[in-house]
Structure formats: structure tokens, C-alpha cells
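Chain letters run A, B, ... following the sequence lines, proteins first, then strands; residues in each count from 1.
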There are 2 protein chains.
Amino acid sequence: MASITDVARLAGVSTATVSRVVSLAPYAVNPATRERVLEAARTLDYVPNALARGLHKSHVPVVGVIVHDITDPYFAEVVRGVEDAASVGGFLVITCSSDRIAEREHSYVRLLRSMRASTVIFAGSGLTDPALNAELAMHLNAMRAYGAAVVHCSPHALGDAEIGIDNAAAMEGIVVALANLGHRRIAFLAGPASLYVSHERLEGYRRGLAATGIGSDPRLVVSTGFNQESGALGVDALVAAGAPFTAICAANDLLALGAIQRLAELGLDVPRDVSVTGFDDIPTAAMASPSLSTVQLPLKEIGRRAFAFAERVLAGETPKNDVLPTTLVMRGSTGAPPAEAAEAAAIQRVPTAVVA
Amino acid sequence: MASITDVARLAGVSTATVSRVVSLAPYAVNPATRERVLEAARTLDYVPNALARGLHKSHVPVVGVIVHDITDPYFAEVVRGVEDAASVGGFLVITCSSDRIAEREHSYVRLLRSMRASTVIFAGSGLTDPALNAELAMHLNAMRAYGAAVVHCSPHALGDAEIGIDNAAAMEGIVVALANLGHRRIAFLAGPASLYVSHERLEGYRRGLAATGIGSDPRLVVSTGFNQESGALGVDALVAAGAPFTAICAANDLLALGAIQRLAELGLDVPRDVSVTGFDDIPTAAMASPSLSTVQLPLKEIGRRAFAFAERVLAGETPKNDVLPTTLVMRGSTGAPPAEAAEAAAIQRVPTAVVA
DNA sequence: CGTACGATAGTAAACGCTTACTTGCCCCGC
DNA sequence: GCGGGGCAAGTAAGCGTTTACTATCGTACG
């Protein structure tokens, strides 16, 4: 492994000169000398040591992205966006799947700090865990102290996302759309209460109800996980609660997909018997059947912007926070509620199916 | 940012002692002293600088995973497996989406090398690009020279995967299964010819045909991309080729899913008119409709094993290569071929649909 | 003709940590 | 009583870069 010293020796110059040419420093180097250095570097297959460079500069061109689970298409998209933006500047992207476990999130951030990552992006929502958030704050401040940038793509303990979307407004929109279709009994699969984003989306659901004059029924709101299985479980909980409903509004797509699956198992047709909506518009949403009505988030763009934001912070600027637009996309999983009689029939059918 | 010097000063010991306790070195340190050091470290919120440590050790606990696209569930699963295994040892995982572009792959590996990553795992198949492979070989050798481990999860230019599956055998199995269902005209969506894995799967297809005494028809094999859109395009190509078929065997799930979609648009029912099979068993495969018959790969396990393999290499051992088992899972997208008449009808219907 | 300045290149001091070597003690056995 | 051995801790030499200072050489200018 050739080092800068070897290159310097071969080119017959000092290491300072080599450094100046290979690191593209804004320092005048005689073109002839420069060429000689480049030639030597090529001959020796010299690749600068980023660690040594980082040791000196106090941080390395690495951005850590904390996600809940890279296997969740939502996060995969965001990470891809970050990667695309980061790679043009020669930054590497570290993904950290926390599984929403405070301890894992904390230890990942610590690791990122020990690596002197130049930026950490929280792709998912923050956890409502005071102990974690205190620890986190310490690490993040230490990171900022050595010059790192910190970006959130979702609400978190310390406030709003630097790059985000208006969760409440979007959710309100989809509830209103459901109401416009004629639904009055709209259930809500709320996601984990331990996530800030769940609260925002629930708030949007409530606002949607209020905006359309629909009274809220606590039996129609169930707290869940954030994956497909939770969607199925959520439907079971709703059925067990006993309050009739003609639509299910889920806090994310995975939940909605799971709900549709369970509904089918219960013999209920979507959207004939029950309409279902998601949130996020992950790639699968469009290709599921029925295709899912949902709110489309510019996931990749969020990732790209998050990195761009960090880049500006690293450059010493103080960029403004950004709220990206979302768009409602109504597909096959929503329709008018069944006629009064049909509705009653559908509801009655449920208990039977559950027993079966 | 407290450094080891600060801790040493506060604890009233030398930096050597601090290093010995915080780096868990196998060196006797008086328990009382150790406690004093730990206490000082805690007070100062000291986190060791991994760069400095790595500069000395010649590599850092970072593993780079080269994938084709992190957004592809196949790779997301593998990466997650690597991450799970890596995180227990305090390793960080860098994901690099190459999009199967030689230049990107090359530049990612170079970046990983400059960061002195301790291991690089190629999750996807190698590209059949001589220039790239030569460059790659250089970097990989340099990395091995500083102590890094290199692992492949798919066939590549230099040989078999250290951790892999038997692509040909698995593909042969699914073709045989189709033949057992009664299919004799089985088309193949082959994936990109630029990937080694495509060749292996094609080979399996051929073996399956041979094993069941079905003659091969070149019009039934079409080279494609590796994503959903390519699957749709593949169906179009097959239709254009004009040779009748009752089943489509795709080189991966995404392709199969795209094919099913296109088939539906052409008015063909799966599996009544055409059976379709995939390969990989990504999460979506089971929840698509019809659910996809495919070959299940232990994706996460592959990731875990790949890291475990690397870990052993780093420890100086020479682990054996591993071929993981795959399992055929027949679901809703496959069935018996249509009766002779129905088959003829289905084939006849195609051209019309294409025109429409 | 002396000087100051621009253009280049070199010197050497960090950056934070690990570790081979050295030092200082204390205790044991002859 | 003293040499030797073992435990603890310290010293200091790197690891590969960057960069603030210096140094050198012409040359243009007063």
C-alpha cells in the first residue's frame, strides 16, 4: 500500500506537494510538477488514506442514515435518495436499522460519532423516549462540535423535521376524500404511539373528521405497529371493538396492505364492502391488488434534499427547513360505501367470519 | 471533544493506560485504576476516535456492501442480514447502489478502499465487464493487503460465491415443477446478459428442459433487465416472437411480477391462461395477487453468513465456501396449462390484444 | 542596483490512538 | 541480603495527511 511518502519520493517532491495535487487544494502547483505527481500516483496505485485525512480534518465524508428498517420500502427509497445525492460528492452512506429500539438507535449514533461521520440523517420518526433523547442530544451536540450536520426527515423530540412533509394535512386530505366518497364511519389504524409521526397522522385524521362534520368514535381508532402484520391485527382489533365502519384509514401503506389481506380472509371485499387507504405510496402500493389509494410522498427526493441540506450546513450556511408537497392518489382500494342494507350485511358478516 | 489525553489527565494516568482500558486490550490494569479511567471517560463524555484507531490498525470496523439497488427488496434483505450480524461486533454497514454500472461499482470500491473498510461484500452478481474486473481486482488486492476481507454472494468474474446458492439447480427445479404441471412450452425471461447470475439461471432453465425432455425453442428465451418494467417488456417480446407458450419462467421475482401485470393488461389470466414463476421470493411475492410461485432464497441468512465469513477471514482463518439451500414454493401463479383448445384460443387472443 | 513580491516548493507540527520497550516496585527464595 | 520475576504504569515512536510557516528564485519596480 503506497502512501503519500512513496509518491513524493517517486516524483521527487515533498509530501506537501503531493498532498496539494491529490487533494485538489487551492494552491498553485507548477503544471509540470503536478503531472509528475499524478504519474507517480498512478504508477504506485496510490489511493489516499481517508482516515488520516479525516483525522486531520476532524471528520470523514460519510453520512449515516438512521432508519427503522432498511427492508421497509419507505426507508429504502429515502436511503437511495441520500445515496444518489451523496455519491456525487464522494460521500459514503452508512445505513443503520434501529428497529425503533432506543438502545440500538443510540448505539448507532455513538458509532457514527466515533467514526467522525460528517452527517447523520434521521430518516424515520423520532422515538418518544426521554432517556434516549437525552443521550442522543449529547452525541449530536458532540458531533456538531466537530463540524457534523444533523438532519431529520420526520418530527422528533427536539422539533420539526428540517426536510419533511405535512403529515397532518396530508392525512386530513385523505380522510376528507373518503368522506366525499360518502363514508361516515372511518376507522384509523394509528401506528405505534411511540413515534412522533403517528401523533401527527392521528391529528390529521381527527382534523379530517372535524372538517367534514363526522363525530369521532374512540372504538374506531386502534394503535398498531407499522408493518403488514400489524395491519391484519388492527383489523381484528377493529372487528373486536364492535363499532361498524365502511372505511379504514391506515397510518402507512404496509398497515393498509396488511388490512386488505385480513379483510379478504374475513370474506370482505375491498373496496365493495370496505374502502382502505394507506400513506407513503411505497412501490408495492400501486401493484397490489386492489391497488392502494394513498398519499404519495417524494421519498427519494426527501433523501436527496436531506443530504443537500447537510451539505449546506457543512459549508457553513444555515439553510431553511423544507416542507415537501404530497399528493393524494386514489386507486382501486377505495369506493363508495355499500348501500345502507349492504352495509349492515357486511358488518353482520364479520363476527361469523371471525368465528370460522 | 475530549480526547484520550484529556481522560488521561483527569484520571491522573498516562494515555497508554487509558487506551488499555477503553480499548479492552488484553493487558493487566489495576481494577482501581481502571475504574478511575472509566469514571473520567464518563465525565468527559469521551468517545474514542475510530479514525485514529483505524489509522494505526490499518482498517476500521466498517463493512461495505455493494448492491445493485438498495430499493430492490432482494438487496434490502441481504443488507439487513449483514447489518444484523455486523452490528453485534460494532461494525457499521455502508451500502453502495451501483445500478449495475461498472463505473459506479468501481468508484464505490475505491472509496471503500480509501476509507480502509475492513470488508467488502458483493451482494449482487458480478458484471461481465473485463475492464471493470481488472480495476476491481487491483483494488481488492490492495484491500486484502491491508487486511480486509472480500466476500461475494453471487458468481463473479473470479469464480464462485463464497456464500451463495445453486442458481442452476434451483432454476432447474422450478422448470421441472412446471413440466410436472403439464407445461411443455415454457418461456424464459432471462435477465441481463451482463450478469453472471443470469447465465447460471439460464443454464438451470436449459437443464430443466433437458431433464424433462422438452426441446428448447430460442424464440422462448428473451434477454431482459431485472426489474418489473423489464418483465412487462419481456412479455411483449415473447408475444412478438410469435411462439406459443403456456408458462413463463422469470429469472427473478420482479420480472415475474411485471410479466403478470402485463399479461393481465393483455387480457390473459394467470394462472388459467399462463403460469408464471419467479425467483428469490422477495416479500412482495407472497402478497401479490395471484401470489407468486417462486424459489425462496434465505436472503437475510446470506447476508449474515457473508459477514460471518468475513469475520473469520479477518480473524486469520480460511473459512470454507458455503452453498445455502433454496426451497421451491408453489403458490397461486402456477397451475395446469389450459386444455388444447383453450390454449389455442389464448394464444390467438394475444395479437389482438397487442394491437388494441 | 537594492528590494519587495509572486510563484513554487519544502519543513515540520499536529490530529488521536496503539503498542513495543522501559521503568519502578514489591516479594520470594536461596 | 540480594538477584530475579511479575505486575502496573509510563515513554515515545509511529500511522498518513494537511497546512501554517519558511525558503528560494526571479523579476519588476523605484
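In this structure, of C/dT8, C/dC17, D/dT19, it is C/dC17 that holds the atom nearest to the side chain of B/P48. Side-chain atoms of B/H56 lie closest to C/dT18 of the nucleotides C/dT18, C/dC21, C/dG16. Here C/dT19 is the nucleotide among C/dT19, D/dT17, C/dC17 with the atom lying nearest to any side-chain atom of B/K57.
With hydrogens and angles ignored, the 3.5 Å screen pairs no side-chain donor or acceptor of B/R312 with any backbone N or O of B/P319. Looking at A/S19, its side chain never comes within 3.5 Å of a backbone N or O of A/T15 through a donor-acceptor pair. In this structure, the side chain of A/S98 engages the main chain of A/V67 through a donor-acceptor pair within 3.5 Å. Proximity of a side-chain donor or acceptor of B/E77 to a complementary backbone N or O of B/L299 within less than 3.5 Å is not detected.
For D/dT17, one of the phosphate oxygens OP1 or OP2 lies less than 4.0 angstrom from a side-chain nitrogen or oxygen of A/Y46. B/T17 has a side-chain polar atom (N or O) that falls below the 4.0 Å cut-off from OP1 or OP2 of D/dG10. A/S23 has no side-chain polar atom (N or O) that falls below the 4.0 Å cut-off from OP1 or OP2 of D/dT17. Contact check, B/S14 against D/dT11: no side-chain N or O comes under 4.0 Å of OP1 or OP2. OP1 and OP2 of C/dG16 both lie 4.0 Å or more from every side-chain N or O belonging to B/T15.
Distance CG (B/N30) to P (D/dG10): 11 Å, rounded to an integer number of Å. If you take CE of B/M115 and P of D/dT17, they are 14 Å apart, rounded to a whole angstrom. At whole-Å resolution of the value, CG in B/N49 and P in D/dC15 are 18 Å apart. At whole-Å resolution of the value, CD1 in A/I4 and P in D/dG14 are 19 Å apart. Atoms CG (B/L55) and P (C/dT19) sit 13 Å apart, rounded to a whole Å. The distance between atom CZ of B/R9 and atom P of C/dC17, rounded to the nearest whole Å, is 12 Å. Per the geometry, CD belonging to B/E35 stands 16 Å off P belonging to D/dA8, to the nearest Å. Rounded to whole angstrom, the span from the NE2 atom of A/H59 across to the P atom of D/dT18 amounts to 13 Å.
A donor-acceptor contact under 3.5 Å links the side chain of A/Y27 to the base of C/dA9.
Among the protein residues, B/V18 comes within range of no part of the nucleic acid, since none of its heavy atoms lies under 4.0 Å from any strand. Within 4.0 Å of B/S3, counting heavy atoms only, lie sugar-phosphate atoms of the nucleic acid but no base atom. Within 4.0 Å of A/A16, counting heavy atoms only, lies at least one base atom of the nucleic acid.
For the pair B/R116 and B/T33, both in contact range of DNA chain D, the more 5′-proximal nearest nucleotide belongs to B/T33. Take the nearest nucleotide of DNA chain C for B/R20 and for B/L51: the residue whose nucleotide is more 5' is B/L51.
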Verdict with supporting geometry, A/Y196 and A/H156, ring-ring contact (aromatic ring centres under 6.0 Å, His included): CA-CA 6 Å; A/Y196 286 102; A/H156 57 111; 7.6 Å; no

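Residues A/R80 and B/D69 are paired through a salt bridge, judged by an N-O separation under 4.0 Å between the basic side chain and the carboxylate.
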